[in-house]
Amino acid sequence: MPELPEVETVRRELDPRVRGRKVLEAGSHPSAKFVPAVDTIGASLTHADRRGKFLLLPLDDARELVIHLGMTGKLSFSDTPADPEDPYLRAWWRLAENHTAPEQTLRFHDVRRFGRIRVVPAGDYSSIPTLANAGPEPWDPVLTPQLFHSLIKKSKRAIKTQLLSQRPIAGVGNIYADEALWAAQINPKVTRLGLDRAGMLLEELRDVLEKGVENGGTTLRDYRNVDGGTGENQHSLVAYGRGGQPCLRCDSTLTSAVLDARTTVWCPNCQRR
DNA sequence: CCAGCAGCCTGAAAGC
DNA sequence: TGCTTTCAGGCTGCTG
């Protein structure tokens, strides 16, 4: 489940490898989720950017290629053309050579087809609601504890639900939400947070996301970087996936329950309501 | 405008 | 052993 650290890892690898490369040819799976990939033919990629969990690849014609990896999306490069026999290949772009690489194919694999590809006018995300409504990036200096607190106050939903909505902050998914709530000792079902506790949560969110990026992302099963390698952050998880195991802070048994159709793990003792 | 929820997807793991 | 069910979950789009 690629979240900000995984998508950022991919972006960093992608950036030098897409700069200035023209799309010579492109193809896609027939699903409307992937067909827009071919709209890039003839345009050149300028660089790789990211907003929350969305990869943004600006084109040189005032448009942007937007890629969401969904649950199982993977991007990779190969020197050979796309293999039509590959059952999980959802889109591909034949890229012209640039000063660092020969002509290559950028491939988008996505077993479960939760991913999505769009081409939009540069900066116009009105057709992608989650992106259009996304809150600030975690390290955006405008994201003060006061702003974070006021964004949370706009909704009466559980804090975990709010984090997953992308509205108070962009890029947080199920893994890093549970990790940050554990670290901040905040119960995921809490619906109101004071300024101090909101500030603590923001600090822990930044911390777990930063460590996730440093570790090259979390690979539980599917996530791979552009070179096909795994991340290492799965070895640092203290809450996610540890339901029934002892809390590393107080030794109580971690609770696992479904909240908003997602498995949520927290400590019933040190993350009290 | 927001909350709530079905639906999208398929392989792996668990259950029978 | 082999078939069936459950599980993983980010986002969209519909309904109230």
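All values below were derived from every heavy atom in this structure, side-chain atoms included, with hydrogens, water molecules and symmetry-related copies excluded. Letters A, B, ... are given to chains in the order of the sequence lines, protein chains preceding strands, and every chain is numbered from 1.
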Any ion pair linking [Y] and [X] (charged N to carboxylate O, less than 4.0 Å)?
| X | Y | value |
| --- | --- | --- |
| Glu8(A) | Arg12(A) | yes |
| Arg17(A) | Asp227(A) | yes |
| Arg206(A) | Glu203(A) | no |
| Arg50(A) | Glu137(A) | yes |

Check: In terms of the nearest nucleotide of DNA chain B, which residue is placed more toward the 5' end: Lys156(A) or Ser31(A)?
Finding: Lys156(A)

Check: Does Arg221(A) or Lys154(A) map to a spot on DNA chain B nearer the 5' end, using the closest nucleotide for each?
Finding: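 So the residue in question is Lys154(A).
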
Notebook entry, point to check: Going by atom types alone, do His235(A) and Asn215(A) pair a side-chain donor with an acceptor below 3.5 Å?
Noted result: no

Notebook entry, point to check: Cut-off 3.5 Å, side chains only: do Arg94(A) and Thr105(A) have a donor facing an acceptor?
Noted result: yes

Item checked: Secondary-structure string, 5' to 3', Watson-Crick or G-U under 3.5 Å, | for another-strand partners, for DNA chain C -> .|||||||||||||||

Starting at [atom1] of [X] and ending at [atom2] of [N], how long is that distance when rounded to a whole Å?
| X | N | atom1 | atom2 | result |
| --- | --- | --- | --- | --- |
| Tyr223(A) | dA12(B) | OH | P | 20 Å |
| Met71(A) | dC7(C) | CE | P | 15 Å |
| Asp110(A) | dC9(B) | CG | C1' | 9 Å |
| Gln162(A) | dA3(B) | CD | C1' | 12 Å |
| Arg167(A) | dC11(C) | CZ | P | 13 Å |
| Arg116(A) | dC8(B) | CZ | P | 13 Å |
| Leu164(A) | dG4(B) | CG | C1' | 15 Å |
| Asp178(A) | dG10(C) | CG | P | 10 Å |

Checklist line | Phe108(A) versus Leu75(A), closest heavy-atom pair with distance | finding: CD1-CD2, 3.7 Å

Check: Which pair of non-hydrogen atoms, one from Arg118(A) and one from Pro36(A), has the smallest distance, and what is that distance?
Finding: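 Heavy atoms of Arg118(A) and Pro36(A) come nearest at CA-CB, 4.0 Å.
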
Nucleotide of [options] approaching [X] most closely (side-chain heavy atoms):
| X | options | result |
| --- | --- | --- |
| Phe54(A) | dC11(C), dT10(B), dC9(B) | dC11(C) |
| Arg113(A) | dC8(B), dT10(B), dT12(C) | dT10(B) |
| Glu3(A) | dG10(C), dA3(B), dT10(B) | dG10(C) |
| Arg157(A) | dG4(B), dT12(C), dT10(B) | dG4(B) |
| Thr130(A) | dA3(B), dA13(B), dT12(C) | dT12(C) |

Next item on the list: Quick one: which residue pairs count as a side chain to side chain donor-acceptor pair (under 3.5 Å) with a foot in residues 139-150 of chain A, not counting sequence neighbours?
Entry: none

[N] phosphate, OP1 or OP2, under 4.0 Å from [X] side-chain N/O:
| X | N | value |
| --- | --- | --- |
| Gln166(A) | dG10(C) | no |
| Lys53(A) | dC11(C) | yes |
| His68(A) | dC11(C) | yes |

Checklist line | Donor/acceptor link under 3.5 angstrom from Arg112(A) side chain onto base of dA8(C) | finding: yes

Check: Around Glu103(A), counting heavy atoms of other residues, nucleotides and ligands shown, do more than 12 lie under 6.0 Å from its CD?
Finding: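 Yes.
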
Check: Within the structure shown, what part of the strands sits under 4.0 Å from Ile128(A) by heavy-atom distance: base, sugar-phosphate, or nothing?
Finding: sugar-phosphate

Item checked: Arg249(A) NZ/CZ over Trp182(A) ring centroid, <6.0 Å and within 45° of normal -> yes

Note to self: Tell me which residues in residues 256-268 of chain A lie within less than 4.0 Å of DNA chain C, going by non-hydrogen atoms.
What the structure shows: Arg262(A), Thr263(A)

Note to self: Among residues 225-239 of chain A, which ones have heavy-atom contacts with DNA chain C below 4.0 Å?
What the structure shows: none

Item checked: Remaining members of hydrophobic cluster (4.5 Å side-chain criterion), Leu89(A) -> Trp92(A)

Side chains of residues 263-270 of chain A: which donor-acceptor partners sit under 3.5 Å, not counting sequence neighbours?
from	atom 1	to	atom 2	distance (Å)
Thr264(A)	OG1	Lys160(A)	NZ	2.7
Thr264(A)	OG1	Arg262(A)	O	3.2
Asn269(A)	OD1	Arg272(A)	NH2	2.8

